[in-house]
J.: 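Dumping the structure here so I can ask a few things about it.
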Amino acid sequence: MTTAGDIMHRGAQWIPAHETLDRAAQLMRELNVGALPISDENERLCGILTDRDIVVGCVAMGHDPARVTAGEMAKGTPRWIAADADVGEVLQEMQTHRIRRLPVVDDKRLVGMISEADLAQHLTEDQLATWAENVYARVPSG
């Protein structure tokens, strides 16, 4: 059985909720990633911050990324998966919630992230096509 821990990118790092978006952008550059899990004061997942969130939700709105915190950008219920979860559960979680990045947690600690690139390296073409169709398909309006 292939697990989330088998396909994840190890070494993912939190950005504390109190950190500013300019620091988050610097950390993204240093780590060469486009998203960071946001942790609260107890190192619990409270959201995910993407480079797009910084640009569209802060800069394009005329806000100063040196004054807006990662926690202020955290919205909704954060999704995550256990390291020992089967890859089928990973796909289901990502497809159901239409997400492209999924933090991997073991014993309440962040141990990795699963991204599109990780899926592309570990899934069959059929699995990847189904995932992409479900995540990127337009949601009917109305």
Side-chain angles (χ1 to χ4, degrees), residues 1-65 68-142:
M1 164 178 92
T2 303
T3 67
D6 295 330
I7 68 170
M8 72 182 183
H9 176 79
R10 297 185 184 282
Q13 291 186 26
W14 297 110
I15 185 83
H18 63 82
E19 284 286 356
T20 58
L21 297 185
D22 62 339
R23 177 62 192 127
Q26 293 163 2
L27 186 56
M28 287 179 186
R29 183 189 64 224
E30 290 167 19
L31 298 172
N32 194 30
V33 298
L36 294 169
I38 305 169
S39 69
D40 65 14
E41 62 278 353
N42 298 315
E43 291 195 359
R44 301 267 185 178
L45 181 66
C46 65
I48 294 192
L49 179 68
T50 67
D51 47 8
R52 186 176 194 282
D53 293 332
I54 295 170
V55 172
V56 175
C58 178
V59 176
M61 300 295 288
H63 302 293
D64 181 355
V68 178
T69 66
E72 291 175 83
M73 299 298 290
K75 298 178 190 88
T77 303
R79 309 307 308 180
W80 57 272
I81 196 88
D84 62 355
D86 179 81
V87 72
E89 294 174 67
V90 170
L91 294 174
Q92 185 64 40
E93 184 72 13
M94 293 176 87
Q95 290 172 173
T96 299
H97 299 285
R98 300 185 68 173
I99 55 178
R100 296 182 289 273
R101 299 170 181 101
L102 188 62
V104 181
V105 175
D106 187 27
D107 195 27
K108 299 181 182 177
R109 295 282 181 226
L110 179 70
V111 294
M113 286 280 280
I114 297 174
S115 69
E116 293 167 293
D118 299 314
L119 295 179
Q121 291 177 354
H122 293 93
L123 299 180
T124 66
E125 285 184 28
D126 288 343
Q127 286 175 311
L128 194 55
T130 299
W131 176 84
E133 182 179 337
N134 286 308
V135 170
Y136 288 106
R138 287 190 158 202
V139 176
S141 58

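Numbering starts at 1 and runs along the sequence shown.
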J.: Take Thr124 and Asp126 through the side-chain hydrogen bond (donor to acceptor under 3.5 Å, both in side chains) test and state the conclusion after the steps.
T.: CA-CA 5 Å; Thr124 66; Asp126 288 343; 5.4 Å; no

J.: If you measure from NE2 on His18 to CD on Glu41, what distance do you get to the nearest 0.5 Å?
T.: 9.5 Å

J.: Examine distances only and state if a side-chain atom of Asp40 and a backbone atom of Asn42 form a donor-acceptor pair shorter than 3.5 Å.
T.: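 Present.
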
J.: State, to 0.1 Å, how close Ala4 and Val104 come at their nearest heavy-atom pair, and which atoms those are.
T.: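 Scanning both residues, the minimum pair turns out to be CB-CG1, 4.3 Å.
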
J.: Compare all side-chain heavy atoms of Ile48 with those of Pro78 and state whether any distance is below 4.5 angstrom.
T.: no

J.: If you draw a 6.0 Å radius around CD in Glu30, do more than 12 non-hydrogen atoms from other residues or ligands fall strictly inside?
T.: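 Buried by this count: over 12 neighbours within 6.0 Å.
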
J.: Determine the minimum heavy-atom distance between Ile7 and Val90, stating which atoms define it.
T.: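 Heavy-atom minimum between the residues: CD1-CG1, 4.5 Å.
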
J.: Closest approach of Ala70 and Ile38, non-hydrogen atoms and distance?
T.: O-CD1, 3.3 Å

J.: Identify the heavy atoms of Leu128 and Ala120 that sit nearest to each other, and give their distance.
T.: CD2-CA, 3.8 Å

J.: Could you tell me whether a side-chain N or O of Arg79 sits under 3.5 Å from a main-chain N or O of Arg101, the two making a donor and an acceptor?
T.: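 Pair absent, no side-chain N/O of Arg79 close to backbone of Arg101.
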
J.: With rounding to the nearest 0.5 angstrom, report the CD to CG distance, Glu93 to Leu102.
T.: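 Answer rounded to 0.5 Å: 6.0 Å.
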
J.: Evaluate the side-chain proximity of Ile15 to Met28: yes if any heavy-atom separation is below 4.5 Å, no if none is.
T.: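 When only atoms from C-beta onward are counted, Ile15 and Met28 do not touch, as no gap falls below 4.5 Å.
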
J.: Look up atom CG in Leu36 and atom CZ in Arg23, then write down how far apart they are to the nearest 0.5 Å.
T.: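 Between Leu36 CG and Arg23 CZ, I get 9.5 Å after rounding to 0.5 Å.
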
J.: Once rounded to the nearest 0.5 Å, what's the spacing between atom CD of Gln121 and atom OG of Ser115?
T.: 8.0 Å

J.: Out of curiosity, Glu116 CD to Arg100 CZ, how far, rounded to the nearest 0.5 Å?
T.: 6.0 Å

J.: Check the surroundings of atom CE in Met61: do more than 12 heavy atoms from other residues, nucleotides or ligands lie under 6.0 Å from it?
T.: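 Open.
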
J.: If you compare all heavy atoms of Met113 against all heavy atoms of Ala12, which two are closest, and at what distance to 0.1 Å?
T.: CG-CB, 3.5 Å

J.: For Arg44, check salt bridge (Lys or Arg N to Asp or Glu O under 4.0 Å) against everything at least two apart and list the hits.
T.: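 For Arg44 there are no salt bridge (Lys or Arg N to Asp or Glu O under 4.0 Å) partners, ignoring immediate neighbours.
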
J.: Just so I know, are the side chains of Leu21 and Leu49 near enough to count as touching, which here means a heavy-atom distance under 4.5 Å?
T.: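 Yes, at least one pair of side-chain atoms sits under 4.5 Å.
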
J.: Passes side-chain hydrogen bond (donor to acceptor under 3.5 Å, both in side chains), Thr96 versus Gln92? Steps please.
T.: CA-CA 6 Å; Thr96 299; Gln92 185 64 40; 2.8 Å; yes

J.: Just to verify, which of Leu91, Leu119, Val87 counts as forming a side-chain contact (heavy atoms from CB on, under 4.5 Å) with Ile114?
T.: Leu119

J.: Measuring only between side-chain heavy atoms, which start at C-beta, is Gln95 closer than 4.5 Å to Thr130?
T.: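 Yes, at least one pair of side-chain atoms sits under 4.5 Å.
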
J.: Keeping the roles fixed (side chain from Glu72, backbone from Thr69), state whether a donor-acceptor pair exists under 3.5 Å.
T.: yes

J.: Could you tell me which non-hydrogen atom of Cys46 sits nearest to which non-hydrogen atom of Ala74, and how far apart they are?
T.: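 Smallest heavy-atom distance, with atoms named: O-CB, 3.5 Å.
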
J.: So, taking the atom named CE in Met73 and the one named CG in Asp53, what distance separates them when rounded to the nearest 0.5 Å?
T.: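 So the CE of Met73 and the CG of Asp53 are separated by 5.0 Å.
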
J.: Do Leu110 and Leu45 have side chains that get closer than 4.5 Å, going by heavy atoms?
T.: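 Result no, sub-4.5 Å side-chain heavy-atom pair not found.
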
J.: Using side-chain heavy atoms (C-beta onward) and a distance below 4.5 Å, is His122 in contact with Thr2?
T.: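 The answer is no, as the side chains (C-beta and beyond) never meet within the 4.5 Å cut-off.
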
